[in-house]
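Here the structure comes first, spelled out in structure tokens, and everything after it is commentary.
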Protein chains: 2
Amino acid sequence: MTSEAIAQCLGTNPVVVRRTMGFLREAGIVSSGRGHAGGWRITADLTVVTLQQLHEALGEPAIFAIGNRTENPSCLVEQSVNAAMEDAFADAEALLLDRFAHVALADLVADFKRRHAETLKQKD
Amino acid sequence: MTSEAIAQCLGTNPVVVRRTMGFLREAGIVSSGRGHAGGWRITADLTVVTLQQLHEALGEPAIFAIGNRTENPSCLVEQSVNAAMEDAFADAEALLLDRFAHVALADLVADFKRRHAETLKQKD
DNA sequence: TTTCATGTAACAATAGATGTTATGATTCGA
DNA sequence: TCGAATCATAACATCTATTGTTACATGAAA
């Protein structure tokens, strides 16, 4: 599939697609080819690659949008608040990543097939 | 405590402090007074107000920094990905908020006192 | 050799958060 | 009553991260 086609699916730009897919290539999950019949293809085993691995491949972007204002504040009150929140955040992150680790691409394929069959049925 | 003083503690601006504290006032957690001896004071019971309530008072800002690109995508693949992630996100969010619900301001005060005592001891 | 595709750098646009300035309203003490 | 201290709020500015765009180079295949 070309970057152009993927970009259209996502409503974005081919260069943006290449930017992100590049990380997946570095992780060995996809490969890219140039020229005619070029584009992106999945090279990894769909039953092995998980959402967790994708997250890791994409550079482990920050999971939470809220959190500490300062990492090591001099204010003791802020220190207490940070400490109280950090435990909770760590546990929530662990839970999320564990869930992600149990979703393989093959699971997504299976779900997609179900949706696709449903869509075809609707057209009758 | 004045907005000015709080702003200095946080390394920010008094107006920014008022903006945020205004939400806490609406929730009845703090009150503000003008003029001499004015400023902010906590009106709620410290053993009752939790981090969860603060989160709610602040308008329940989005917890996650990652997630769906599109809420209701027409792309079936994206739909499958979204569905797989949403469950995990929901559970992680529930866990986080439950943790927050079990941290009262009084707990923060206790932790602060411990830190404060420790700081004084260090000075010897 | 032409066409189609990625690779990549540089730059632009956008949006959201944060910071700032300015002005008005209120309270309290002298 | 006056003046200083303080919040209330609107308007505007700045910052930052993401996302989008343009341009050009590189490589592969018909």
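We name chains A, B, ... by the order of the sequence lines, and we start the count at 1 in each one.
- With hydrogens and angles ignored, a donor-acceptor pair closer than 3.5 Å exists between the side chain of A:R19 and the base of D:dG20.
- Residues A:G11 and B:M1 each lie close to DNA chain D; by heavy-atom proximity, the contact nearer the 5' end of the strand is made by B:M1.
- Within residues 54-69 of chain A, no residue places a heavy atom under 4.0 Å from DNA chain D.
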Just list the side-chain donor-acceptor pairs under 3.5 Å for residues 6-26 of chain A, sequence neighbours left out, or say none.
residue : atom : partner : partner atom : Å
A:N13   : OD1  : A:V15   : N            : 2.9
A:R18   : NE   : A:S3    : OG           : 3.4
A:R25   : NH1  : A:S32   : OG           : 3.0

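- For the side-chain contact (heavy atoms from CB on, under 4.5 Å) test, residues two or more places apart in sequence or in another chain that qualify with B:I42 are B:V30, B:L46.
- In this entry the distance linking CG of A:L10 with C1' of D:dT18 reads 15 Å, nearest Å.
- One can place CG of A:N13 at 14 Å from P of C:dT14, the figure rounded to the nearest angstrom.
- Residue pairs that meet the ring pair (Phe, Tyr, Trp, His ring centres under 6.0 Å) test with at least one member in residues 54-99 of chain A, sequence neighbours left out, are A:F64-A:F89, A:F64-B:F64, A:F89-B:F100.
- Distance CD1 (B:I6) to P (D:dT6): 12 Å, rounded to an integer number of Å.
- A donor-acceptor contact shorter than 3.5 Å is absent between the side chain of A:T50 and the backbone of A:L105.
- B:E86 and B:N68 are linked by a side-chain donor-acceptor pair at a separation below 3.5 angstrom, with hydrogens and angles left out of the test.
- Atom CD in B:Q8 sits roughly 16 Å away from atom C1' in C:dG19 (whole-Å rounding).
- Between A:T2 and the phosphate of C:dA5, there is no side-chain N or O to OP1/OP2 separation shorter than 4.0 Å.
- In this view, B:T70 and B:P73, B:E78 satisfy the side-chain contact (heavy atoms from CB on, under 4.5 Å) rule, not counting sequence neighbours.
- For the side-chain contact (heavy atoms from CB on, under 4.5 Å) test, residues two or more places apart in sequence or in another chain that qualify with A:D111 are A:R114, A:R115, B:S80.
- Scored by the ring-ring contact (aromatic ring centres under 6.0 Å, His included) test, A:H116 finds A:F112 as partners (sequence neighbours excluded).
- Of the residues in residues 20-41 of chain A, those lying under 4.0 Å from DNA chain C by heavy-atom distance are A:R25, A:S32, A:G33, A:R34, A:G35, A:H36, A:G39, A:W40.
- Clustering of Ile, Leu, Val, Met, Phe, Trp and Tyr by side-chain heavy atoms under 4.5 Å joins A:L95 with B:L95.
- Close to C:dG7, at under 4.0 Å from its OP1 or OP2, lies no side-chain N or O of A:R18.
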